[in-house]
Amino acid sequence: MNIQKGKTEFLMGIDTVEQLQQWLNEHTFANGIAFIGRSNVGKSSLINSLFGKSTARVSKTPGRTRQINIFDFVVENKETKSLEHFYLFDVPGYGHAEVSKEMARNWQVLLDTFFQLCSEKILLLNIQDSRHPLQESDMVFHDYIKSFDLETYVLFNKIDKLKTQSERAKLKARMPAIYNKFKWVKQIHFTSAEKGDGIPEVELSIINFVKRNSDMKGFN
Ligand SMILES: Nc1nc2c(ncn2[C@@H]2O[C@H](COP(=O)(O)OP(=O)(O)OP(=O)(O)O)[C@@H](O)[C@H]2O)c(=O)[nH]1
Ligand SMILES: [Mg+2]
């Protein structure tokens, strides 16, 4: 099975609670995945690596994704030739230093609404920066998200930026603490959206998750 890159379609960008409530109420059993993480950790870049080159907008300016962007993506079962559609959510980051208080508040309300109303068939991919694991905002987010009981995987991205031996050793030394903190997390991956490391493994994990919740005949 594989994600059909290039077949991912942007459906809509949501920036108000009312719009989000309406969408989630109309899609109670939406099956799919959500990318969430601090600004600039590479959510949009990872989405582009996994779902096709220009699915999500990539930016050098943190905080660029100001909406919950919803996409439709297609997984193909090569043997049976069956195709199935799933939802992909690119969710605004948390822990923005640069934005105004009001914007941060609006984001929080959107996040609360998303997690309270979203379907249980949504896999949460929390993206973090492998150079700065266990940042305070990430830990606060984890305490917050734990209570919603969604299946969650953590992706440490930008591993290509750990260029020196000592940088890599530093991450390795923190591994026990990372695994300990994230005991409740089902999977931990190390990725580079830029170089492609870890991407096939994440793709497989996504497919395994969505197909578990799929009830289409011949798809499992
Ligand atoms: N070296 C390297 N750079 C990366 C990687 N992933 C993303 N970047 C760069 O990091 C910057 C931010 O990437 P985005 O994908 O826009 O980050 P984002 O998390 O979507 O950011 P927001 O939309 O602001 O929340 C861009 O300049 C990317 O090119 C990676 O794995 N390695
Ligand atoms: Mg983005």
Side-chain angles (χ1 to χ4, degrees), residues 13-15 20 33-51 55-71 88-116 118 122-148 150-162 167 170-171 174-175 177-195 197-199 202 205-206:
I14 287 185
D15 50 16
L20 185 60
I33 59 170
F35 282 72
I36 182 151
R38 272 186 297 117
S39 184
N40 210 42
V41 291
K43 294 178 294 297
S44 300
S45 305
L46 282 167
I47 287 173
N48 288 342
S49 317
L50 287 156
F51 297 94
T55 305
R57 191 164 46 155
V58 174
S59 170
K60 287 200 192 303
T61 320
R64 211 37 199 274
T65 311
R66 297 184 191 285
Q67 303 178 313
I68 293 184
N69 287 319
I70 308 177
F71 303 85
L88 160 66
F89 304 86
D90 185 359
V91 181
Y94 46 83
H96 298 261
E98 301 84 356
V99 302
S100 71
K101 282 231 165 75
E102 194 193 335
M103 269 173 101
R105 243 194 326 272
N106 287 345
W107 259 316
Q108 190 57 50
V109 178
L110 266 189
L111 285 187
D112 289 345
T113 309
F114 184 79
F115 293 118
Q116 277 157 14
C118 82
I122 300 290
L123 168 68
L124 204 61
L125 295 178
N126 176 218
I127 320 305
Q128 298 188 26
D129 190 325
S130 56
R131 294 168 299 172
H132 314 289
L134 309 178
Q135 291 268 301
E136 187 176 345
S137 59
D138 292 319
M139 299 323 297
V140 170
F141 177 70
H142 275 259
D143 286 341
Y144 163 74
I145 199 65
K146 247 186 190 171
S147 60
F148 294 104
L150 291 165
E151 185 150 329
T152 304
Y153 304 162
V154 174
L155 271 57
F156 287 103
N157 189 40
K158 303 198 184 185
I159 50 163
D160 61 289
K161 289 222 178 193
L162 301 173
E167 281 172 319
K170 224 159 97 188
L171 177 65
R174 301 201 66 184
M175 251 5 145
I178 290 173
Y179 279 95
N180 197 33
K181 282 268 185 216
F182 295 142
K183 262 189 205 138
W184 64 281
V185 161
K186 289 261 165 67
Q187 294 183 17
I188 296 179
H189 292 268
F190 295 87
T191 60
S192 165
E194 190 107 333
K195 305 274 187 237
D197 308 56
I199 301 298
V202 174
S205 289
I206 291 171

J.: To the nearest 0.5 Å, what is the distance between CZ (R105) and CG (L110)?
T.: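 That separation rounds to 13.5 Å.
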
J.: Which atom names give the shortest non-hydrogen contact between R38 and S137, and what distance separates them?
T.: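 Heavy atoms only, the tightest pair is CD-OG, 2.9 Å.
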
J.: In Å and rounded to the nearest 0.5 Å, what is the CD1 to CZ distance from I14 to F114?
T.: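 Going from CD1 on I14 over to CZ on F114, the span is 9.0 Å.
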
J.: Which class fits the ring pair F35 and F51: parallel under 30°, tilted 30 to 60°, perpendicular over 60°?
T.: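 Taking F51 first and then F35, their aromatic rings stand perpendicular (interplane angle over 60°).
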
J.: Between D197 and K195, what is the shortest heavy-atom contact and its length?
T.: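 Answer, listing the atom of D197 first, then K195: OD1-CB, 3.2 Å.
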
J.: How long is the gap from CD on E167 to OG on S130, to the nearest 0.5 Å?
T.: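 OG of S130 is found 9.5 Å from CD of E167.
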
J.: Between N126 (side chain) and V154 (backbone), is there a donor-acceptor pair under 3.5 Å?
T.: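 No; judged by distance alone, with no hydrogens or angles, the pair does not exist.
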
J.: What verdict does the salt bridge (Lys or Arg N to Asp or Glu O under 4.0 Å) test give for D129 and R131, after you've listed the backbone C-alpha separation in whole Å, the side-chain angles of each residue and the deciding distance to 0.1 Å?
T.: CA-CA 5 Å; D129 190 325; R131 294 168 299 172; 2.8 Å; yes

J.: Please report the interatomic distance CG(L134) to CZ(R174), rounded to the nearest 0.5 Å.
T.: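 Between L134 CG and R174 CZ, I get 5.0 Å after rounding to 0.5 Å.
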
J.: Restricting to non-hydrogen atoms, name the atom on G13 and the atom on Q67 that form the minimum distance, rounded to 0.1 Å.
T.: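 Shortest heavy-atom contact: CA-OE1, 3.5 Å.
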
J.: Here's a test for you: under side-chain contact (heavy atoms from CB on, under 4.5 Å), which of D138, V41, I178 qualifies with Q128?
T.: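 So the option named by the test is D138.
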
J.: Using every non-hydrogen atom in the two residues, find where N157 and G42 come nearest and quote the distance to one decimal.
T.: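 Scanning both residues, the minimum pair turns out to be ND2-CA, 3.7 Å.
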
J.: Please report the shortest heavy-atom distance between C118 and L150, naming the atom on each side.
T.: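 Minimum heavy-atom contact is SG-CD1, 3.9 Å.
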
J.: Under the criterion side-chain contact (heavy atoms from CB on, under 4.5 Å), I'd like the reasoning laid out for L50 against I199: C-alpha separation, chi angles, the key distance, then a yes or no.
T.: CA-CA 7 Å; L50 287 156; I199 301 298; 3.6 Å; yes

J.: How are the rings of F182 and F156 set relative to one another: parallel (under 30°), tilted (30 to 60°) or perpendicular (over 60°)?
T.: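 It falls in the tilted class, 30° to 60°.
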
J.: Give the ring-plane orientation class for W184 versus H142, where under 30° counts as parallel, over 60° as perpendicular and anything between as tilted.
T.: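 Ring orientation of W184 relative to H142: perpendicular.
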
J.: Any idea how Y144 and F148 line up, ring-wise: parallel (<30°), tilted (30 to 60°), or perpendicular (>60°)?
T.: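 The arrangement is perpendicular - the two ring planes meet at more than 60°.
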
J.: Using only atom types and a distance under 3.5 Å, with no angle test, would you say the side chain of S192 pairs donor to acceptor with the backbone of K158?
T.: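 Looks like no, no N/O pair under 3.5 Å.
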
J.: Nearest 0.5 Å, please: how far is CG in L124 from CD1 in I145?
T.: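 That separation rounds to 5.0 Å.
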
J.: Would you compute the distance between atom CD1 of I36 and atom CD1 of I68 and round it to the nearest 0.5 angstrom?
T.: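 Nearest 0.5 Å value for the CD1-CD1 distance: 7.5 Å.
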
J.: In the structure I gave you, are the side-chain heavy atoms of I206 and Y153 within less than 4.5 Å of one another anywhere?
T.: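 Result no, sub-4.5 Å side-chain heavy-atom pair not found.
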
J.: Under the side-chain hydrogen bond (donor to acceptor under 3.5 Å, both in side chains) criterion, do D90 and S44 qualify, and how do the steps go?
T.: CA-CA 7 Å; D90 185 359; S44 300; 3.2 Å; yes

J.: Can you check side-chain contact (heavy atoms from CB on, under 4.5 Å) on L46 and L125, steps first, answer last?
T.: CA-CA 11 Å; L46 282 167; L125 295 178; over 6 Å; no

J.: Between K43 and V91, what is the shortest heavy-atom contact and its length?
T.: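 Here K43 and V91 meet closest at CE-O, 3.6 Å.
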
J.: When you measure from the side chain of S49 to the backbone of S45, do you find a donor-acceptor pair of N or O atoms at a distance under 3.5 Å?
T.: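 Here the side-chain-to-backbone pair exists.
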
